[in-house]
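Step one of this worksheet: look at the structure below.
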Amino acid sequence: MRPAERQGYIERLEAFVEAHRDRLEELLRVYGPGSRPASHGRYALVGQPETLVILERMEASPFVLRGRWQEELETLFLDDLVSAKAPQHQAVSCSMRKIV
């Protein structure tokens, strides 16, 4: 996150969660801990507190997120989160999509 974006971030994150509450709850129910997909060792980020920040960044700044992610972490975790948040009728790809 760029320094200029840090001011007011808590409020923006709260607004993001409120605006997408139903989809976030569905994501947790379908892919979170105890779900069938999670039992296969995938979707490890779903259900973790930092997931809310990652999802918000996917929407607000997807290319910066992916670039920084690739510098530090295995992209499989991010790709799983991208595919999990996609509406079920959409084809899964590694592109960045909006939450809704």
Listed partners of Glu5 passing side-chain hydrogen bond (donor to acceptor under 3.5 Å, both in side chains), at least two apart: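 If we apply the side-chain hydrogen bond (donor to acceptor under 3.5 Å, both in side chains) test to Glu5, skipping adjacent residues, the hits are Arg57.
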
Quick one: list whatever passes side-chain hydrogen bond (donor to acceptor under 3.5 Å, both in side chains) with Arg36, sequence neighbours left out.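 For Arg36 there are no side-chain hydrogen bond (donor to acceptor under 3.5 Å, both in side chains) partners, ignoring immediate neighbours.
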
What pairs with Pro37 under side-chain contact (heavy atoms from CB on, under 4.5 Å), at least two apart in sequence or on another chain?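 Applying side-chain contact (heavy atoms from CB on, under 4.5 Å) to Pro37 gives Tyr31, Ser35, Tyr43.
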
Once side-chain contact (heavy atoms from CB on, under 4.5 Å) is applied, do any residues pair with Arg21, and if so which ones, sequence neighbours excluded?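 Val17, Glu18, Glu25.
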
Rounded at 0.5 Å granularity, tell me how far [atom1] in [X] sits from [atom2] in [Y].
X	Y	atom1	atom2	result
Leu65	Glu59	CG	CD	12.5 Å
Leu81	Met58	CG	CE	4.0 Å
Leu55	Arg23	CG	CZ	9.5 Å
Leu45	Asp80	CG	CG	8.0 Å

Within residues 8-17 or reaching into it, pairs that qualify as side-chain hydrogen bond (donor to acceptor under 3.5 Å, both in side chains) - sequence neighbours excluded: Tyr9-Glu56

Search all heavy atoms of Pro33 against all heavy atoms of Gly47 and return the closest pair with its distance.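 Closest heavy-atom pair between Pro33 and Gly47: CD-CA, 4.0 Å.
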
Go through it in stages, so that I can follow the logic: the residues are Arg66 and Val82, the test is side-chain contact (heavy atoms from CB on, under 4.5 Å), and I'd like the CA-CA distance, side-chain angles, deciding distance and then a yes or no. CA-CA 11 Å; Arg66 182 157 297 271; Val82 169; 4.1 Å; yes

Using atom types as modelled, flag every donor-acceptor pair under 3.5 Å from a side chain in residues 70-77 to any protein atom, sequence neighbours excluded.
none

